[in-house]
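Have a look at the structure below, then the notes.
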Amino acid sequence: MNATASSSSISLPSLPPANDIPSAFAASMKQWWAAGEKQSAISEERLLRRLPFFRKDKSEPVDGPVVAHSSRVTLSNPKHYLNTFSMNATSPSPTAPPPAVLLHGYGAGLGFYFQNFLPLAQWAGRRGSSVYALDWLGMGRSARVPFTVKAPRKDVAARVTEAEAFFIDSLEDWRQKMGLDKMTLVGHSLGAYFSVAYALKYPTRVNKLILLSPAGVPRGPDATVPSRELDPSEHGSGGIAEAASSKRIREIEAQQKAAKAQESRSRKLFTYLWEEGWSPFQVVRSTVFWGPLIVGKYSSRRFTGLTAQETREMHDYILNITLAKGSGEYCISHILAPGAHARLPMVDRVDALKIPVTFVYGDHDWMDPEGGQDSVERLRQAGNGQGRMYIVNNAGHHVYLDNPKQVNDLLVKELDRQPL
């Protein structure tokens with residue numbers, strides 16, 4: 001059944017369709033003027049309405065095993081709130097596994113997981129549990145509060161700790177407000193990095209970690225190339241999620257190093273802006289009317305695996321969260337150095353974890369999978385044999401979007417996996 005069509009049967013008010021991706025200045029300027037909180041909410045709801053069990057009002061009845069709704073969860077500071085999407089079993093089980101919490105990457109939002117919601121909701125309904133997706137504080141449609149780091153620039157450890165705390169302490173505040181005991185954290189990229197940081201600070205609150213193309217894992221300047229993306233011809237739902245082997249990891253690293261060798265001289269400018277605390281979203285906002293055109297070029301290139309309608313809807317969603325007030329995005333230069341390697345790599349911290357940890361990379365990823373392999377080994381040496389690593393074929397950094405079928409199957413498998 002088409003989820004969008006089925007939503008009309010529950011009498012949801014119609015939403016305006018997403019505009020075409022702009023190809024000229026006039027259309028770009030029009031989208032810039034229309035951007036704002038109202039349009040941001042509409043763009044997110046379009047993606048959520050693809051689920052037939054989505055309800056604007058959580059009190060509305062649903063005939064099925066799961067119901068979904070979105071809300072703002074106010075934190076201890078009344079000016080702070082996290083935009084939250086909830087999928088709850090209508091018949092909760094007393095023996096249900098801990099809920100899964102989806103955490104997006106840098107500058108993204110919960111809507112990026114729209115192709116993963118349905119299988120995960122089915123898991124929640126089957127197990128009598130819940131699945132949540134939320135926007136980090138200062139990102140997506142959560143509160144855009146001021147982000148500052150007071151630690152001296154040369155005190156790297158203090159800078160990292162302070163920047164991490166902005167996000168992981170708000171996640172802990174959210175957990176308490178939601179009344180959750182334990183959670184399985186499913187994080188992508190920087191969201192995966194923060195998931196590990198949260199588990200290290202609040203170990204009794206995490207059931208397991210599933211890390212999708214995690215940022216900040218390896219030591220030092222590695223082979224990661226932020227500009228490297230999956231070639232459009234390689235998108236698809238085929239292939240498998242295979243257990244990572246040393247040979248497969250070496251093949252991926254060789255591709256990354258070849259791409260790194262072709263980087264342009266503009267890299268020096270990028271490095272300067274990064275160290276000065278600029279974010280890529282700040283650069284886009286500074287172009288004013290040209291912003292939608294720039295975002296459109298990214299959307300049309302990066303999401304070729306989606307349908308035309310899905311691509312337009314993702315463009316509108318990305319545009320509105322990109323043009324929102326800068327906040328959490330300014331964390332990036334405190335946590336990661338130019339080249340996207342961590343100032344305090346997770347590979348040197350992960351051995352303190354005593355829970356299952358699963359690393360997932362795409363075969364066209366720009367995150368170096370060697371960091372995941374080394375982390376699994378560090379866990380093993382520390383007495384934790386519950387580390388695993390997978391390579392998903394036909395997928396890049398946005399592995400969950402590039403090959404959703406394989407990733408969804410893997411997520412459900414890992415959620416059902418019993419701890420040793």
Is the closest side-chain heavy-atom distance between W174 and V101 below 4.5 Å? yes
To the nearest 0.5 Å, atom CZ of R301 lies from atom CD1 of I21 at 11.5 Å
Shortest non-hydrogen separation from I321 to F112 and the atoms involved: CD1-CE1, 4.3 Å
For K208 and R417, indicate whether the former's side chain and the latter's backbone hold a donor-acceptor pair under 3.5 Å. yes
Of R159, R349, R343, the residue whose pairing with E164 passes salt bridge (charged side-chain N to carboxylate O under 4.0 Å, His left out): R349
Side-chain contact test, heavy atoms from C-beta onward, threshold under 4.5 Å: evaluate it for Y132 versus M87 and give yes or no. no
Given side chains that start at C-beta, do those of V217 and M367 come closer than 4.5 Å, heavy atoms only? no
Find out whether Q122 and V66 are in side-chain contact, i.e. whether some heavy atom of one side chain is under 4.5 Å from a heavy atom of the other. no
Any side-chain heavy-atom pair from L379 and L353 closer than 4.5 angstrom? yes
Using only atom types and a distance under 3.5 Å, with no angle test, would you say the side chain of H80 pairs donor to acceptor with the backbone of S170? no
With side-chain contact (heavy atoms from CB on, under 4.5 Å) as the test, pick out the partner of V399 among L410, L212, D363. L212
Tell me whether D155 contacts the main-chain N or O of A158 through its side chain, where contact means a donor paired with an acceptor under 3.5 Å. yes
With the side chain counted from C-beta on, respond yes when E310 and F303 share a heavy-atom pair under 4.5 Å apart, and no when they do not. no
Can you check side chain to side chain contact (heavy atoms under 4.5 Å, CB included) on F25 and K30, steps first, answer last? CA-CA 9 Å; F25 177 75; K30 185 177 180 180; over 6 Å; no
Any donor-acceptor N or O pair under 3.5 Å, side chains Q31, N19: no
Looking at every heavy atom in both P292 and V288, which two are closest together, and how far apart are they? CD-O, 4.0 Å
Is there a donor in the side chain of R72 and an acceptor in the side chain of S142, or the other way round, less than 3.5 Å apart? no
We want to know whether T358 and R388 form a side-chain donor-acceptor pair, criterion being a heavy-atom distance below 3.5 angstrom. no
Taking atom NZ of K201 as the centre, does the number of heavy atoms from other residues, nucleotides or ligands within less than 6.0 Å exceed 12? yes
Where do L209 and V206 come nearest, in terms of heavy atoms and distance? CD2-CG1, 3.9 Å
Does any part of the side chain of K177, heavy atoms only, come nearer than 4.5 Å to the side chain of T74, both counted from C-beta? no
Pairing donors with acceptors under 3.5 angstrom, does anything connect the side chains of D135 and Y81? no
How long is the straight-line distance from CG of D316 back to CG of D20, given to the nearest 0.5 Å? 11.0 Å
Closest non-hydrogen atom pair between N403 and A395, with its separation: CB-CB, 4.2 Å
What's the shortest heavy-atom distance between V412 and P119, and which atoms? CG2-O, 4.2 Å
Would you check if there is a donor-acceptor pair between the side chains of W123 and S129 at a distance under 3.5 Å? no
Exercise: do N408 and N116 side chains pair donor with acceptor under 3.5 Å: yes
Show the nearest heavy-atom pair for residues C331 and L190, with the distance to one decimal. SG-CD2, 4.0 Å
Quick one: do the H398 and Y400 side chains pair a donor with an acceptor below 3.5 Å? yes
Which residue is it: N83, L47, L102? I am looking for the one with a side-chain contact (heavy atoms from CB on, under 4.5 Å) to L110. N83
Regarding E313 and Q309, is there a side-chain donor-to-acceptor distance under 3.5 Å anywhere? yes
S189 versus H397, side-chain donor and acceptor atoms under 3.5 Å: yes
So do the side chains of F147 and E329 get within less than 4.5 Å of each other, counting heavy atoms only? no
Give me the ring orientation class for F85 and F54: parallel if the planes are under 30° apart, tilted from 30 to 60°, perpendicular past 60°. tilted
